[in-house]
Amino acid sequence: MQKSRLYYSLMNSSISTIVFFFKLVIQFVARTYFIQFLGVTYLGINGLFSNILSLLSLAELGIGTSIVYSMYRPIAENNQGEIKALMDLYKKAYHYIGVAVAVLGLTLVPFLKYFSADLATTDHFVWFYLLFLGNSVLSYFFTYKRSMLIADQRTYTVNINDFLFLLFSNALQIFLLFHYQSFTIYLVVQLIFTLLGNISISLKVDHDYPFLKESGHQPLSEAEVKEIKKNVVGNMSSKIGGVVVMGTDSILISSFVGLAAVGYYSNYTMIINNVQNLCKQVTNSVTASVGNYIVSANKRQALELFRRHLFVNYTMIYFATLILIAILNPFITWWIGEKFTLPPLTVGLIIFNLVIQMFRNTNFVFIDSFGLYWVQRWKSIIEAGINLAASLVLLMAFKMGINGVLLGTIISSFGYVMWVEVHYIFKYGLEEPLRVYIKLFIFYMLPLILASVVVLTTQQFLPYTNFISILLKMGTALLVGLVLYLVCFFKTSEFHYLGSIAGRLVKRIIK
């Protein structure tokens with residue numbers, strides 16, 4: 001029986017959220033043992049090489065998202081011939097990408113020592129990098145199968161698969177760290193389970209969509225191929241900035257501050273990324289449903305959907321920000337020790353940067369759903385230029401360290417790219433004036449700013465002593481935030497829509 005968009009949205013959002021919390025616990029446990037047995041220098045290497053590999057992923061940007069977008073219509077129409085043709089194209093493209101990433105990655109080996117002076121004093125750093133590279137390259141030869149499940153509104157299946165293999169992988173890594181304290185073994189286990197996880201998802205797709213294995217398929221028309229190429233180029237250029245901005249942070253910190261600073265910063269980014277990923281699980285899990293809906297929706301319906309999506313996204317931003325303001329540094333102190341904490345100004349910049357990036361989550365969903373890749377093709381190239389220029393000036397001329405890197409990201413994201421994305425959505429997708437969004441943004445930011453000030457003030461009377469005090473701080477922040485949230489939004493239609501969705505989800509869980 002054909003399931004509704006709401007069913008898939010609830011399944012993707014609820015399962016993704018549940019899986020996220022389990023993954024969060026596992027990652028914290030694994031990171032704790034990593035620091036205990038390998039130390040902050042290896043933590044810095046882990047962060048640095050992860051950033052370098054994210055830059056190499058530029059070879060992939062645009063292809064996956066563009067082809068998934070191209071599959072919304074044939075899936076809605078159950079056009080198996082066109083689906084198979086798109087999947088075959090996707091497979092071929094990703095095999096080329098895997099080879100390209102491998103070649104590009106190997107050409108960087110002679111230059112690794114220039115990314116940080118500390119690397120030259122670390123034994124076997126080239127071998128560590130090759131294991132990171134191998135883990136990344138392997139994924140490209142299987143990842144095209146995931147697109148079928150994602151486009152068919154079944155992201156929850158992918159998330160469950162990834163969680164199970166992450167669980168087994170981290171459990172084995174912790175066991176081996178305890179006995180051998182070897183970074184090499186840690187990375188080998190990661191590589192093996194990445195391979196096994198991808199094989200598992202491939203077998204699942206082969207089982208659920210047997211027509212994909214049938215020989216022969218109808219060729220894509222010249223117009224379809226041209227449209228896909230156009231979307232790929234546009235999407236690739238539009239996302240370059242995001243990868244450069246986020247991918248160069250650890251590289252800049254390691255070059256100007258040191259590997260140890262990357263290690264300290266990576267603990268915060270792990271927490272922040274998990275918070276952002278939780279929100280993305282909810283917002284991005286409905287991308288396929290939004291894309292499926294927009295195919296037939298009129299502009300008024302699309303705008304209403306945008307407002308609702310933005311409010312759901314904002315609700316997560318609001319409460320996540322208040323919780324982080326209250327407990328981020330106390331949690332780091334309780335988790336791994338006060339010596340691993342960063343100054344309050346740095347923590348404030350980290351949280352503010354998170355707010356900006358999370359506001360963009362709604363932008364990403366509607367850019368993907370409307371297929372606005374080509375019109376925003378120059379956006380992120382300009383973003384990357386602004387970010388690198390601002391970061392380098394703040395690092396070299398003002399010696400601002402980690403704060404300079406964070407400010408560079410904030411300048412490029414909030415000062416430029418967020419508003420350009422909204423402009424494209426409202427001009428080419430929703431066909432509404434930009435002032436509609438500006439009013440919404442101000443309406444949402446004022447309560448967030450006020451609640452943040454109140455939470456900061458109340459936290460002065462709640463000093464950190466132990467884990468119970470962290471819970472007290474979080475509870476106080478949530479209570480203060482909830483009161484203001486209800487005062488500001490209780491009468492809005494978006495609030496009542498959110499309440500109805502929550503009610504349906506609870507009923508479905510009970511059922």
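Just so you know, these numbers use all the heavy atoms, side chains as well, and skip hydrogens, waters and symmetry mates. As the structure is a prediction and not an experimental result, all values here were calculated from the model.
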ask   = Given N329, which of W334, Y268, Y464 fulfils the side-chain hydrogen bond (donor to acceptor under 3.5 Å, both in side chains) condition?
value =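 Single pass found, and it is Y268.
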Does [Y] offer a backbone N or O that forms a donor-acceptor pair with the side chain of [X] under 3.5 Å?
X: T157; Y: L149; result: no
X: N277; Y: N273; result: yes
X: T107; Y: L104; result: yes

message = Suppose the criterion is ring-ring contact (aromatic ring centres under 6.0 Å, His included): which pairs have a residue in residues 181-202, not counting sequence neighbours?
response =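 For residues 181-202: F34-F183, F34-Y186, Y42-F183, F128-F183.
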request  = Dump the intermediate steps for ring pair (Phe, Tyr, Trp, His ring centres under 6.0 Å) on Y129 and F125, then the final yes or no.
outcome  = CA-CA 6 Å; Y129 171 76; F125 71 88; 9.0 Å; no
Which pair of non-hydrogen atoms, one from [X] and one from [Y], has the smallest distance, and what is that distance?
X: L177; Y: S182; result: CD2-O, 4.1 Å
X: A261; Y: I253; result: CB-CG2, 3.8 Å
X: N313; Y: M358; result: ND2-O, 2.7 Å
X: P330; Y: I470; result: O-CD1, 3.5 Å
X: K145; Y: M87; result: CA-CE, 4.1 Å

Distance only, no hydrogens: is a donor on one side chain within 3.5 Å (strictly under) of an acceptor on the other, for [X] and [Y]?
X: S169; Y: Q190; answer: no
X: N363; Y: Y437; answer: no
X: N170; Y: Q27; answer: no

message = Run F28 and F331 through ring pair (Phe, Tyr, Trp, His ring centres under 6.0 Å) and show every step you take.
response = CA-CA 12 Å; F28 272 113; F331 179 81; 5.2 Å; yes
inquiry  = Using 0.5 Å steps for rounding, measure from the CG atom of L310 to the CG atom of N361.
reply    =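 So the CG of L310 and the CG of N361 are separated by 10.5 Å.
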Run the side chain to side chain donor-acceptor pair (under 3.5 Å) test against [X] and tell me which residues pass, sequence neighbours left out.
X: T184; value: W127
X: T194; value: N135
X: D118; value: none
X: T409; value: N387

task = Only counting residues at least two apart or in another chain, list the ones meeting ring-ring contact (aromatic ring centres under 6.0 Å, His included) with H423.
result =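 For H423 there are no ring-ring contact (aromatic ring centres under 6.0 Å, His included) partners, ignoring immediate neighbours.
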ask   = Should we say atom NE2 of H179 is surrounded by more than 12 heavy atoms from elsewhere, each under 6.0 Å from it?
value =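 Yes, enclosed.
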query = Should we count CD of E338 as having more than 12 external heavy atoms under 6.0 Å?
reply =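 Atom CD in E338 is not packed in, count stays at 12 or less.
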Verdict with supporting geometry, L395 and L252, side-chain contact (heavy atoms from CB on, under 4.5 Å) = CA-CA 9 Å; L395 283 166; L252 289 171; 4.1 Å; yes
F441 and F359 aromatic centres sub-6.0 Å =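 Centroid separation for F441 and F359: below 6.0 Å.
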inquiry  = Quick check on the 6.0 Å ring-centre criterion: do H95 and Y140 meet it?
reply    =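 Judged by ring-centre distance (under 6.0 Å), H95 and Y140 do not meet the cut-off.
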key: Evaluation steps, side-chain contact (heavy atoms from CB on, under 4.5 Å), between T248 and N51   = CA-CA 6 Å; T248 56; N51 270 240; over 6 Å; no
query = Does the distance from a Lys or Arg side-chain N to an Asp or Glu carboxylate O, for D162 and R146, drop under 4.0 Å?
reply =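 Counted as a salt bridge, because a side-chain N and a carboxylate O are separated by less than 4.0 Å.
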Salt-bridge contact K92-D88 (side-chain N to carboxylate O under 4.0 Å) =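 No, this pair does not count.
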Of L392, I251, V405, the residue whose pairing with F256 passes side-chain contact (heavy atoms from CB on, under 4.5 Å) =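 Looking at L392, I251, V405, the match for F256 under the side-chain contact (heavy atoms from CB on, under 4.5 Å) is L392.
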